[in-house]
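What follows is a single structure, written as structure tokens, with notes after it.
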Amino acid sequence: MDTATATLPMPAPQDLDLVAVLGALADPARLEIVAALAQVPEAACGQLLEGRMAKSTRSHHLRVLREAGVIAVRAEGTYKFSRLRRDDLDTRFPGLLDAIVTGALPVVGGNPPAAGPLGRAAAAPRTQ
């Protein structure tokens, strides 16, 4: 079975805008998503914070983060996988992502719930 892989549109590294990035991170739910993604190389969008946020709400927040350039989303068949654009953000805004993730943990509850940051299941590993 041949499965097509595509990366959803996002700003180029040189087009990352500090106001857009900070605006995307201004919501506690998006901070929680970023904090969860900071703990793994990549996560299946459907498993990210599963059971703690409605699917439509999660999709909205992932879109806002992607359009601001905070995350990259790749589609593989009917599945989507998200990852932080750590290298791009660290190059453009050194130290910003680490400060956001470190500062966000107490805001979003500090201790991850018993199910873990990704919900019930672990993130799918990225294959090349």
Side-chain angles (χ1 to χ4, degrees):
M1 181 191 314
D2 187 13
T3 304
T5 300
T7 301
L8 275 59
M10 62 185 165
Q14 68 273 14
D15 295 333
L16 291 173
D17 177 66
L18 183 61
V19 173
V21 169
L22 292 175
L25 296 170
D27 184 278
R30 290 192 285 271
L31 281 176
E32 189 172 4
I33 290 169
V34 168
L37 286 172
Q39 298 176 38
V40 295
E42 182 176 66
C45 294
Q47 295 174 336
L48 191 61
L49 304 177
E50 185 177 9
R52 298 183 14 225
M53 184 180 295
K55 181 180 176 181
S56 60
T57 302
R58 181 176 54 236
S59 294
H60 165 74
H61 288 308
L62 289 170
R63 181 183 54 80
V64 170
L65 290 168
R66 179 181 51 81
E67 289 176 351
V70 177
I71 65 171
V73 178
R74 71 179 176 89
E76 189 171 313
T78 59
Y79 297 96
K80 292 183 182 168
F81 300 90
S82 297
R83 67 170 177 82
L84 282 180
R85 293 180 64 188
R86 183 175 289 279
D87 291 341
D88 293 339
L89 288 166
D90 285 345
T91 298
R92 187 88 165 107
F93 312 112
L96 177 68
L97 191 57
D98 287 333
I100 294 292
V101 169
T102 301
L105 291 177
V107 172
V108 297
N111 298 322
L118 298 175
R120 290 177 275 167
R126 183 174 184 169
T127 57
Q128 295 289 336

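Owing to the predicted nature of the structure, the values given are computational and were not obtained by experimental measurement.
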- Message: Please enumerate all residues that pass side chain to side chain donor-acceptor pair (under 3.5 Å) together with R66, with sequence neighbours excluded.
- Response: none
- Value for OG (S56) from NE2 (H61), rounded to nearest 0.5 Å, stands at 9.5 Å
- Item | Shortest non-hydrogen contact from F81 toward A44 | CD2-CA, 3.7 Å
- Query: What salt bridge (Lys or Arg N to Asp or Glu O under 4.0 Å) pairs are there with at least one residue in residues 90-104, not counting sequence neighbours?
  - Reply: R86-D98
- Report the residues that fulfil side-chain contact (heavy atoms from CB on, under 4.5 Å) with A6, sequence neighbours left out, ordered by chain and then residue number. none
- Which is it for L84 and V70 under the side-chain contact (heavy atoms from CB on, under 4.5 Å) test, yes or no, and what are the steps along the way? CA-CA 6 Å; L84 282 180; V70 177; 4.1 Å; yes
- Message: Test of understanding: with side chain to side chain donor-acceptor pair (under 3.5 Å), list the residues that count as partners of R63, not counting sequence neighbours.
- Response: H60, E67
- Give, for atom CG of L48 and atom OG of S82, the distance between the pair rounded to the nearest 0.5 Å. 6.5 Å
- Query: Honestly curious: do V73 and V64 fall in one hydrophobic cluster under the side-chain, below-4.5 Å linking rule?
  - Reply: no
- Query: Say you draw a straight line from CZ of R83 to OG1 of T7; how long is it, rounded to the nearest 0.5 Å?
  - Reply: 7.5 Å
Show me the donor-acceptor pairs within less than 3.5 Å that the side chains of residues 10-28 make with the rest of the protein, sequence neighbours left out.
{"residue": "D17", "atom": "OD2", "partner": "V19", "partner atom": "N", "Å": "3.4"}
{"residue": "D17", "atom": "OD2", "partner": "A20", "partner atom": "N", "Å": "3.0"}
{"residue": "D27", "atom": "OD1", "partner": "A29", "partner atom": "N", "Å": "2.8"}
{"residue": "D27", "atom": "OD1", "partner": "R30", "partner atom": "N", "Å": "3.4"}

- Item | Partners passing side-chain contact (heavy atoms from CB on, under 4.5 Å) against T91 (at least two apart in sequence or in another chain) | none
- Message: I33 vs I71, test: side-chain contact (heavy atoms from CB on, under 4.5 Å). Steps then yes/no.
- Response: CA-CA 10 Å; I33 290 169; I71 65 171; 5.6 Å; no
